Number of protein chains: 2
Amino acid sequence: MKDLSASLEDYLEIICNLLESSKSVKAVSIAKRLNISRASVSEALSKLAEKDLIVYEGHKGITITEKGLIQAQRVITKHNTLTAFFEQTLGINKSIAENNACRIEHVITEEVFDRLEKFQEFCNKNSEIINEFKKGYLTNSRNE
Amino acid sequence: MKDLSASLEDYLEIICNLLESSKSVKAVSIAKRLNISRASVSEALSKLAEKDLIVYEGHKGITITEKGLIQAQRVITKHNTLTAFFEQTLGINKSIAENNACRIEHVITEEVFDRLEKFQEFCNKNSEIINEFKKGYLTNSRNE
DNA sequence: ACAATTTGTTAGGCTTACCTTACAATTTTT
DNA sequence: AAAAATTGTAAGGTAAGCCTAACAAATTGT
């Protein structure tokens, strides 16, 4: 189950995101979103379909399987938590936070992620920590 | 200057580490450390030498250039700080912490790293934060 | 309905980073 | 100094992931 490359994980994640606003997704939207060629998307989709993570029938569009959804959601959870940690706790601006989340979500392991998730929750509930950090450590740089 | 692949960054980092215990390093040590073939190391070293990050003359061994040292040290700093954050703040065991540091050090951006470094410093100086976190959030899992 | 546009696929290429096998060069042992 | 072992390199291969160009299929506009 956990054998996807960073690249295929990205495709799956985007498919899942795009499916939230429409019933089915076309390959060209992915190409645009990722800024890569339709040909490359076509290849990648074949791989995902082969692994039974999506159902892909050319012009009919893409749907995600149960199996695919589970994997996509795990990545999306990582994405969101990492973004929240960078943005809310570290005080990084949103686009940089997202960008780093995108990079790290594919390489962080479960153990560390689970712990970070708890830590972020903890920081969220104890906002005085964050305030203290920002007050004392971020005096001469504002990047929020 | 910042154009190294994760892989080449790893080579450079290991060379730098190995140089701490000996005046010059042989390719075979790197192969053993990374568990890859001598042939692959040979190729990678040629690339690093081409970029003027190391001086490599076959059997004479490898030395690092000024330029190479600067890049290696940046990665090593990231490695150490990430490891410290995972281990000391999140309470992850050392080998998992190191493993995740290895994965993330090549993809985290400077902005986020710099901020995390400050945050880790802050957490270190305010050990009650970590204690509180560990007390309240890590009650039924011990992984330190 | 049919022409134009959009979307998808195929074929052939490129790069990175690994591999094995075989050979060359160096070092070590005896 | 010769044999043995170690270390390095070259050649040829694989797989992932991207590309462009050309073509095929579907959709849209009129």
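Model, not experiment: these values are computed from the prediction.
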Send over the distance from [X] [atom1] to [N] [atom2], rounded to a whole Å.
| X | N | atom1 | atom2 | value |
| --- | --- | --- | --- | --- |
| B:L12 | C:dA17 | CG | P | 13 Å |
| A:K26 | C:dT5 | NZ | C1' | 12 Å |
| B:Y11 | C:dT16 | OH | P | 14 Å |

Whether A:S42 side chain and A:R38 backbone form a donor-acceptor pair below 3.5 Å: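 Pair absent, no side-chain N/O of A:S42 close to backbone of A:R38.
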
Applying the Watson-Crick and G-U wobble criteria at under 3.5 Å, what pairs with D:dT30? Answer none if nothing qualifies.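 Paired with D:dT30, as far as the under-3.5 Å criterion goes, is C:dA1.
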
Under the salt bridge (charged side-chain N to carboxylate O under 4.0 Å, His left out) rule, collect the residues that match up with A:K60, sequence neighbours excluded. A:E57

Answer whether the closest heavy-atom distance between the side chains of A:E13 and A:E9 falls below 4.5 Å. no

Side chains of B:I64 and B:L12: does their closest heavy-atom pair fall under 4.5 Å? yes

Boundaries of the chain B footprint along DNA chain D (any atom under 4.0 Å from a heavy atom):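 Contact boundaries, 5' end first: D:dT7 to D:dA10.
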
Please tell me if A:Y56 has a side-chain N or O lying less than 4.0 Å from either OP1 or OP2 of C:dT7.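 Result: no.
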
Identify the heavy atoms of [X] and [Y] that sit nearest to each other, and give their distance.
| X | Y | result |
| --- | --- | --- |
| B:F133 | B:T89 | CD2-O, 3.8 Å |
| A:Q88 | A:N124 | OE1-ND2, 3.3 Å |
| B:S24 | B:T63 | CB-CG2, 4.3 Å |

Per nearest nucleotide of DNA chain D, the residue lying toward the 5' end, A:K60 or A:S7, is A:S7

Determine whether A:K32 and A:K26 satisfy the following criterion, side chain to side chain contact (heavy atoms under 4.5 Å, CB included), listing intermediate values before the conclusion. CA-CA 10 Å; A:K32 278 170 190 159; A:K26 299 217 161 163; over 6 Å; no

Sorted by number, the residues of residues 32-50 of chain B with heavy-atom contact under 4.0 Å to DNA chain D: B:K32, B:R38, B:A39, B:S42

